[in-house]
Amino acid sequence: MKQSILFFIAVMVTLSVFVACGEEKKATPEDVALIFVSSLKEGRYDEAADMTLQIDSAPTPYRQLIVGRYKQIAEDIKVQNGGIVEIKHKRTDLSADGNSADVYLCLSFADKTTEEILLQLMKDGQKWQIK
């Protein structure tokens with residue numbers, strides 16, 4: 001029993017080394033949009049704010065305003081529709097220069113309604129962010 005536990009730990013350590021040393025996958029506009037909406041759904045408003053274009057250079061009061069606005073949007077959705085239960089990617093329209101994208105998502109709500117939303121993203125360096 002003790003040997004099988006040690007073997008399991010050794011395998012997990014080896015796998016984590018390979019994963020850590022592997023090439024980092026670049027997030028696509030779809031990835032960022034899905035994570036953004038999931039963050040709002042799950043109450044991670046600071047994480048959603050971090051995904052907003054140029055938030056790093058914004059003064060603290062502006063960042064706090066954005067976080068508060070995201071919280072209000074999520075609370076409004078819960079009151080009106082019972083909250084988001086599913087998020088599906090519909091399509092992405094990438095600009096010709098590859099530096100901006102329109103991501104269309106379909107949100108399903110607890111009250112059985114659905115809504116298609118559009119999130120506009122821009123590339124900031126190598127990172128996609130919500131516009």
Side-chain angles (χ1 to χ4, degrees):
M1 178 73 170
K2 187 175 181 181
Q3 287 179 336
S4 58
I5 292 172
L6 290 175
F7 176 74
F8 177 75
I9 292 171
V11 169
M12 294 308 293
V13 169
T14 303
L15 286 175
S16 66
V17 168
F18 283 121
V19 170
C21 294
E23 185 177 319
E24 183 179 326
K25 180 185 175 220
K26 298 226 188 281
T28 65
E30 298 85 9
D31 295 336
V32 173
L34 289 167
I35 292 168
F36 177 78
V37 175
S38 293
S39 296
L40 294 178
K41 174 187 174 212
E42 296 166 10
R44 298 187 319 264
Y45 310 116
D46 284 314
E47 181 179 311
D50 289 341
M51 300 172 80
T52 304
L53 187 65
Q54 298 180 340
I55 198 71
D56 297 338
S57 60
T60 302
Y62 180 74
R63 179 182 168 64
Q64 291 170 340
L65 180 71
I66 294 297
V67 169
R69 183 67 187 125
Y70 288 162
K71 182 177 181 182
Q72 186 62 52
I73 290 168
E75 288 174 359
D76 289 348
I77 290 171
K78 284 180 187 172
V79 168
Q80 293 171 6
N81 305 95
I84 299 169
V85 294
E86 185 176 34
I87 308 160
K88 288 185 182 176
H89 173 254
K90 297 297 276 184
R91 78 175 197 274
T92 299
D93 296 334
L94 195 59
S95 66
D97 65 4
N99 289 320
S100 63
D102 291 337
V103 178
Y104 295 84
L105 302 176
C106 183
L107 306 181
S108 298
F109 302 101
D111 67 358
K112 307 291 187 220
T113 60
T114 60
E115 183 176 341
E116 188 172 291
I117 64 167
L118 162 67
L119 292 175
Q120 296 179 318
L121 287 86
M122 289 192 69
K123 234 181 198 181
D124 186 19
Q126 294 299 314
K127 191 165 102 175
W128 286 100
Q129 293 195 297
I130 304 297
K131 189 174 170 182

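- Contact of the Lys41 side chain with the Ile77 side chain is not registered, since no non-hydrogen atoms from C-beta on lie closer than 4.5 Å.
- The local environment of NZ in Lys123 is crowded, with over 12 non-hydrogen atoms from other residues, nucleotides or ligands closer than 6.0 Å.
- Taking the side chain as every heavy atom from C-beta outward, Ile55 and Tyr62 approach each other to under 4.5 Å.
- Contact check for Ile117 versus Glu115: side-chain heavy atoms found under the 4.5 Å cut-off.
- Between Leu119 and Val37 the shortest side-chain heavy-atom distance falls below 4.5 Å.
- Taking both residues in full, the closest heavy atoms of Thr114 and Ser108 are given as CG2-OG, 3.6 Å, listed atom of the first, atom of the second, then distance.
- Across all their heavy atoms, Ile66 and Ala49 have their closest contact at CG2-CB, 4.2 Å.
- Note: Ile130 CD1 to Leu121 CG = 4.0 Å, rounded to the nearest 0.5 Å.
- Using a distance-only test at 3.5 Å, with no hydrogens or angles considered, a donor-acceptor pair links the side chain of Ser38 to the main chain of Leu34.
- The two atoms that bring Gly82 and Ala110 nearest to each other are O-CB, 3.4 Å, heavy atoms only.
- Considering only heavy atoms from C-beta on, Val103 comes within 4.5 Å of His89 through its side chain.
- Note: Ser100 OG to Leu94 CG = 7.0 Å, rounded to the nearest 0.5 Å.
- We find that Asp46 and Lys71 are not joined by a salt bridge, their nearest charged nitrogen and carboxylate oxygen being 4.0 Å or further apart.
- With sequence neighbours excluded, the residues satisfying side chain to side chain donor-acceptor pair (under 3.5 Å) with Glu30 are Thr28, Thr92.
- Taking Thr52 as the reference, Tyr70 meet the side chain to side chain donor-acceptor pair (under 3.5 Å) condition, with sequence neighbours excluded.
- Annotation: Glu75, atom CD; neighbour count of heavy atoms from other residues, nucleotides and ligands within 6.0 Å is above 12.
- Of the inter-residue distances, the one linking Lys78 atom NZ with Ile84 atom CD1 reads 9.5 Å to the nearest 0.5 angstrom.
- Follow the hydrophobic side-chain contacts under 4.5 Å out from Met122 and you never reach Met51; the two are in separate clusters.
- Atom CG of Asp50 and atom CG of Asp56 lie 7.0 Å apart (nearest 0.5 Å).
- Applying the side-chain contact (heavy atoms from CB on, under 4.5 Å) rule to Asp102 yields the partners Asp93, Tyr104, Leu118, Gln120; only residues at least two apart in sequence or on another chain are considered.
- Inter-residue side-chain proximity for Val85 and Phe109 is flagged as unmet; no heavy-atom pair is nearer than 4.5 Å.
- Under a hydrophobic-cluster definition in which Ile, Leu, Val, Met, Phe, Trp and Tyr are linked whenever side-chain heavy atoms come within less than 4.5 Å, directly or via other members, Leu105 and Leu53 are assigned to different clusters.
- Of all the heavy atoms in Gln54 and Gln129, the pair that sits closest is N-OE1, 3.7 Å.
- The two atoms that bring Val32 and Ala27 nearest to each other are CG2-CB, 4.0 Å, heavy atoms only.
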